[in-house]
Amino acid sequence: MSTYDDESFRIVVVPAIVEHHLTFGIGYHVTPRFSAHAGLVHALKKSVNESGTDITGQPVEMKSTLSENIVAFGFTWRF
C-alpha cells in the first residue's frame, strides 16, 4: 500500500493525528471513604497533508486537521 493510500485510509477511518497534549488533573478527599476527581486534556492542533492519485488517475490532495479538548470527572467510594 502506498503512503497516499495508507494516509487516505487513516484520515477517513481513524483521524487521530495528535502528537502532543497538555493534561491537568486534581482530586479531593471529601471524606475518608469518598473522593472526587477532575481532569482536563488539551490536544494541540496537528495537520497532515498528503497528495497522490485516485483510482481514476486524477491528482488528489488531502488535508486532515485535529485538535481537541476533553473534560473528565470521576468519583471513588472506598468500602
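Please read all numbers here as calculations on a predicted model, not as lab measurements.
- The two residues Leu44 and Ser67 come nearest to each other via the heavy atoms C-CB, 4.3 Å.
- One hydrophobic cluster, built from ILVMFWY side chains closer than 4.5 Å, cannot hold both Ile26 and Tyr28; they sit in different ones.
- When each of Ile70, Asn69, Thr23 is checked for a side chain to side chain contact (heavy atoms under 4.5 Å, CB included) with His42, only Asn69 meets the rule.
- Scanning both residues, Val18 and Glu68, for their nearest heavy atoms gives CG2-OE2, 4.3 Å.
- Cluster annotation: Phe24 is not connected to Leu22 through the hydrophobic network of ILVMFWY side chains, with a link wherever side-chain heavy atoms come within less than 4.5 Å.
- Inter-residue side-chain proximity for Phe73 and His37 is flagged as unmet; no heavy-atom pair is nearer than 4.5 Å.
- Looking at heavy atoms from C-beta onward, Asn49 lies out of side-chain contact with Met62 at the 4.5 angstrom threshold.
- By the 4.5 Å heavy-atom criterion applied to side chains, His21 and Val41 are counted as neighbours.
- Across all their heavy atoms, Ser35 and Arg78 have their closest contact at OG-NH1, 3.9 Å.
- For the atom pair Lys63 NZ and Ser47 OG, the distance stands at 4.5 Å (nearest 0.5 Å).
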